[in-house]
Amino acid sequence: MNHPDYKLNFRPPGTPRGVSSVVGPHGAGASPGDKKSKNKSTRGKKKSIFETYMSKEDVSEGLKRGTLIQGVLRINPKKFHEAFIPSPDGDRDIFIDGVVARNRALNGDLVVVKLLPEDQWKPRITLSLPGVLGLQAAKPESNDKETEATYEADISEEYCGQHLLQQSPKGCNSPDVIIEAQFDDSDSEDRHGNTSVLVDGVKELSLHTPDKGKEESSAPVTKEENTSTSQDTRALPEKSLQKSAKVVYILEKKHSRAATGILKLLADKNSDLFKKYALFSPSDHRVPRIYVPLKDCPQDFITRPKDYTNTLFICRIIDWKEDCNFALGQLAKSLGQAGEIEPETEGILTEYGVDFSDFSSEVLECLPQSLPWTIPPDELGKRRDLRKDCIFTIDPSTARDLDDALSCRPLTDGTFEVGVHIADVSYFVPEGSSLNMVAAERATSVYLVQKVVPMLPRLLCEELCSLNPMTDKLTFSVIWKLTPEGKILEEWFGRTVIRSCTKLSYDHAQSMIENPTEKLPEEELPPVSPEHSSEEVHQAVLNLHSIAKQLRQQRFVDGALRLDQLKLAFTLDHETGMPQGCHIYEYRDSNKLVEEFMLLANMAVAHKIFRTFPEQALLRRHPPPQTKMLSDLVEFCDQMGLPMDVSSAGALNKSLTKTFGDDKYSLARKEVLTNMYSRPMQMALYFCSGMLQDQAQFRHYALNVPLYTHFTSPIRRFADVIVHRLLAAALGYSERPDVEPDTLQKQADHCNDRRMASKRVQELSIGLFFAVLVRESGPLESEAMVMGVLNQAFDVLVLRFGVQKRIYCNALPLRSYHFQKVGKKPELTLLWEPEGLEEEPTQQVITIFSLVDVVLQAEATALKYSAILKPPGPERSLGLEKESDEEPED
């Protein structure tokens with residue numbers, strides 16, 4: 001097969017990124033989406049670029065027979081020509097090679113694919129697997145107390161699945177070999193803005209000629225490796241091939257079809273197109289370039305196009321014909337200047353289909369109209385009254401949507417009555433109401449660095465439902481009788497009314513835990529209601545902490561896995577909203593305390609609703625990691641001298657926690673490995689119990705429990721509202737749910753989609769603020785650990801900020817550099833130019849797990865920044881800080 005769509009450096013003007021003019025030439029007088037030329041090969045007509053979609057009937061039949069496969073399309077944001085769908089057998093993902101094979105589907109779409117003949121599959125060669133880390137949010141506002149990122153691998157979308165580094169054997173036009181480097185976050189462009197090219201079968205990292213002394217300094221691929229890349233695919237065993245496919249149908253266009261980008265004039269001023277259309281260039285390279293009618297553009301755009309060089313617009317795709325390289329679209333809005341926080345944020349929200357509009361009057365009419373609202377007396381009579389109990393909330397200091405409260409009362413027999421009390425949102429959101437429809441559609445609140453886009457109107461989020469102190473609130477409670485070791489002796493579920501006595505922050509609770517015998521000064525604590533004392537609250541926190549430690553210890557003994565990743569938190573200027581600084585968010589005992597009881601409540605409710613409604617329970621499952629990716633990573637770790645046991649979630653957790661010491665170097669190495677092992681993890685999913693026949697598939701891999709759900713955050717997750725209704729029905733408060741399993745599954749699927757979009761929006765918000773911080777406050781210095789070594793570059797985890805960047809040798813003041821493999825370990829030797837004429841050049845060895853010093857500095861392009869390696873001090877010049885092949889501790 002010939003794939004000219006990879007020859008990016010030869011792309012003529014007017015050809016979309018990832019599609020060569022050879023595939024679909026555009027005549028000067030061509031019009032986008034000419035219907036007359038559809039599927040015609042007649043002389044004078046335009047040739048189709050994309051295949052016609054199969055009919056619905058053929059697709060349905062093919063899916064039944066198993067000749068077609070459906071799945072959600074994921075396009076690599078760093079290498080937009082690579083796309084994947086999950087393999088039904090749970091093995092390696094199915095690869096979709098190039099824009100033409102993707103057939104106009106966009107990221108997130110539910111597509112149907114047809115496997116290509118096996119002789120068109122790509123051989124795979126496993127390289128060393130550098131780690132990669134996306135920016136993770138500390139989510140100080142999100143109140144995500146189950147901290148699902150640590151259990152359910154809520155990782156950046158570009159890392160869900162396999163990343164492939166394309167290379168082609170010498171003399172071939174097609175990159176017919178996939179070099180497997182799924183942990184490699186290489187950019188589609190090198191640091192100078194030049195697209196990488198295929199040269200003699202090797203993907204070079206730069207177009208620039210190396211400085212003197214560098215011509216002989218790099219060894220991109222060894223002779224042995226190059227030989228293996230040029231084998232005939234038919235001679236390779238099936239397991240070494242990557243299944244490849246093409247899209248034949250789009251079942252559901254889940255992508256919003258909206259994009260943020262900039263406007264340009266078409267390159268050919270003499271063409272008919274130039275008089276009718278402008279070219280919209282999306283910021284997200286996974287979205288095609290789009291023709292937009294000039295009548296949609298600003299009036300002076302044609303005469304003063306340079307005035308709009310840095311103006312962000314939103315464009316919506318309205319059509320994409322088979323015979324057209326580009327889509328046809330409509331400008332929706334001008335956002336403002338590129339690189340500014342608010343225009344960029346609005347663009348992110350729009351691209352991911354987040355509804356951030358004001359709630360309609362019809363929705364607001366569903367809320368109580370007479371304020372201040374009080375609980376009706378007849379409702380009080382239906383509930384267990386806990387208003388006199390010592391109940392309190394523990395949240396981030398800035399949180400306004402307080403979903404959950406805790407209580408802990410010692411009993412005379414030495415046990416404890418422990419309660420988890422959750423805001424009864426379902427009371428205020430009637431099924432079938434306009435409010436319910438909007439909440440179901442939004443499905444989740446979206447937490448940005450600077451603000452929250454709420455799922456529910458703020459009157460509910462921050463007042464009526466929020467468990468604010470010293471006011472009567474409606475709640476749904478789980479109350480246990482627990483031993484000091486956390487063993488459950490009794491369990492009760494029911495609707496309650498509470499009156500929180502105080503609003504603690506995590507800092508307040510942490511101070512109480514760290515000072516168990518000291519009375520904290522009143523000025524350091526929030527107000528406590530007169531019926532209770534700060535000493536009573538303090539003792540309750542200590543008792544909860546003691547039980548939580550036992551619960552946590554037992555969970556990990558029972559085989560739970562936790563993948564902690566570095567998370568960024570920002571401090572913002574109160575007036576301008578600009579980032580003033582950032583730090584790695586510290587996860588402390590107070591966070592763990594709350595987490596343990598939220599997990600306990602979620603598991604208890606899961607069992608209750610599944611026992612009562614085995615066909616209609618909304619649960620949450622976490623599939624095990626992709627086996628091939630995991631085994632490749634284990635092999636890589638063995639090569640690095642780090643034996644890892646991945647036979648179970650608990651075994652992996654033990655390997656990650658027991659292997660390392662607590663010195664700075666060991667902790668950094670643990671961060672790198674934790675990120676590597678997040679990559680094979682799959683996403684956790686909501687599902688309806690009646691839609692899965694095999695109950696073994698219900699399991700939550702990371703928590704290592706048979707049943708799990710979400711109950712504890714109904715203010716910000718619609719799935720929890722559904723679970724509240726199921727629990728109410730299970731307890732006899734309401735009628736048995738009148739919903740078919742497939743209908744509930746559709747709701748679950750929508751919650752999954754919106755949750756994933758919310759996570760991605762959050763990541764992009766963090767990335768935006770960090771890029772602005774580097775621009776405004778940089779350069780920023782930090783230690784970093786090497787995660788991967790290539791022939792002319794290496795990847796590092798910047799430890800101070802938790803970001804991953806690639807450092808290019810040709811950007812450094814080096815006399816030379818040399819790549820080699822020592823055993824199986826890749827290694828770069830850098831020879832630094834001396835600062836003085838009489839000084840000797842300094843040699844520095846870069847290998848995986850080397851500690852280095854880096855500087856992050858802004859580039860001229862908006863929101864771009866690069867990492868520069870600082871010249872080494874004496875202790876790092878030869879990589880002497882601690883070699884990565886040191887024997888791990890038992």
Side-chain angles (χ1 to χ4, degrees), residues 74 76 78-79 82 84-87 89-95 121-133 153 155-156 158-167 177-186 203 221-222 224-225 228-229 231 233 236-244 561 563 623-649 651-653 655-656 659 669-670 672-683 701 786-790 794-795 797 804 821 823-826 847-849 884-885 888:
R74 300 191 320 277
N76 186 342
K78 299 293 185 181
K79 306 190 192 81
E82 298 176 357
F84 307 89
I85 68 162
S87 177
D89 58 13
D91 198 16
R92 282 194 176 110
D93 289 336
I94 295 169
F95 181 46
W121 297 0
K122 305 284 184 174
R124 306 178 69 88
I125 298 167
T126 300
L127 291 177
S128 60
L129 305 174
V132 67
L133 170 64
I155 55 178
S156 304
E158 59 262 44
Y159 310 130
C160 295
Q162 305 188 28
H163 283 202
L164 307 175
L165 178 62
Q166 301 292 343
Q167 298 196 1
V177 176
I178 298 171
I179 304 291
E180 186 172 355
Q182 60 262 36
F183 302 98
D184 170 21
D185 182 28
S186 64
K203 184 174 183 291
V221 180
T222 65
E224 180 184 354
E225 290 171 328
S228 66
T229 65
Q231 292 179 20
T233 63
L236 291 165
E238 183 182 350
K239 66 180 180 180
S240 66
L241 297 176
Q242 170 82 16
K243 289 180 182 177
S244 300
L561 165 67
L563 292 172
Q626 295 186 29
T627 51
K628 189 64 184 75
M629 289 179 71
L630 196 62
S631 60
D632 288 346
L633 187 50
V634 169
E635 182 182 348
F636 163 72
C637 287
D638 284 341
Q639 295 171 8
M640 294 296 108
L642 294 169
M644 303 290 287
D645 182 357
V646 296
S647 57
S648 66
L652 174 55
N653 192 77
S655 291
L656 287 170
T659 302
R669 191 167 63 172
K670 182 182 177 183
V672 168
L673 276 176
T674 296
N675 281 279
M676 289 182 179
Y677 277 94
S678 294
R679 306 301 154 237
M681 297 298 160
Q682 301 198 61
M683 304 296 286
Y701 169 80
V786 176
M787 306 176 76
V789 179
L790 303 176
F794 55 95
D795 294 327
L797 172 61
Q804 185 264 347
K821 283 198 172 182
K824 294 183 177 179
K825 299 178 185 178
T847 188
I848 293 175
F849 302 128
S884 60
D885 58 356

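Every residue two or more places apart in sequence or in another chain that forms a side chain to side chain donor-acceptor pair (under 3.5 Å) with D645 is listed here: S647. Scanning for side-chain contact (heavy atoms from CB on, under 4.5 Å) contacts around P623 gives R621, Q682, with sequence neighbours left out. Annotation: side chain to side chain donor-acceptor pair (under 3.5 Å) contacts of S87 (sequence neighbours excluded): D89. V646 is linked by a side-chain contact (heavy atoms from CB on, under 4.5 Å) to L630, V634, L652, Y677, counting only residues two or more places apart in sequence or in another chain.
In this structure, M640 and I848 have side chains that are in contact, with non-hydrogen atoms separated by less than 4.5 Å. Residues D93 and R74 form a side-chain contact, since some pair of their non-hydrogen atoms from C-beta on lies under 4.5 Å apart. When side chains are defined from C-beta on, K825 does not count as touching Q639, because their heavy atoms never get closer than 4.5 Å. When side chains are defined from C-beta on, I94 does not count as touching W121, because their heavy atoms never get closer than 4.5 Å.
Across all their heavy atoms, P625 and Y701 have their closest contact at CD-CZ, 3.4 Å.
Between atom CG of residue L633 and atom NZ of residue K628 there is a gap of 11.0 Å, rounded to the nearest 0.5 Å. Taken from OG1 in T847 to CZ in F794, the straight-line distance is 11.5 Å, to the nearest 0.5 Å. Atom CG of N675 and atom CD of Q804 lie 9.0 Å apart (nearest 0.5 Å). Of the inter-residue distances, the one linking L673 atom CG with L656 atom CG reads 6.5 Å to the nearest 0.5 angstrom. In this structure, CG in L642 is found 13.5 Å from NZ in K670, a value given to the nearest 0.5 Å. Rounding to the nearest 0.5 angstrom, the gap separating the CG atom in D632 from the SG atom in C637 is 11.0 Å.
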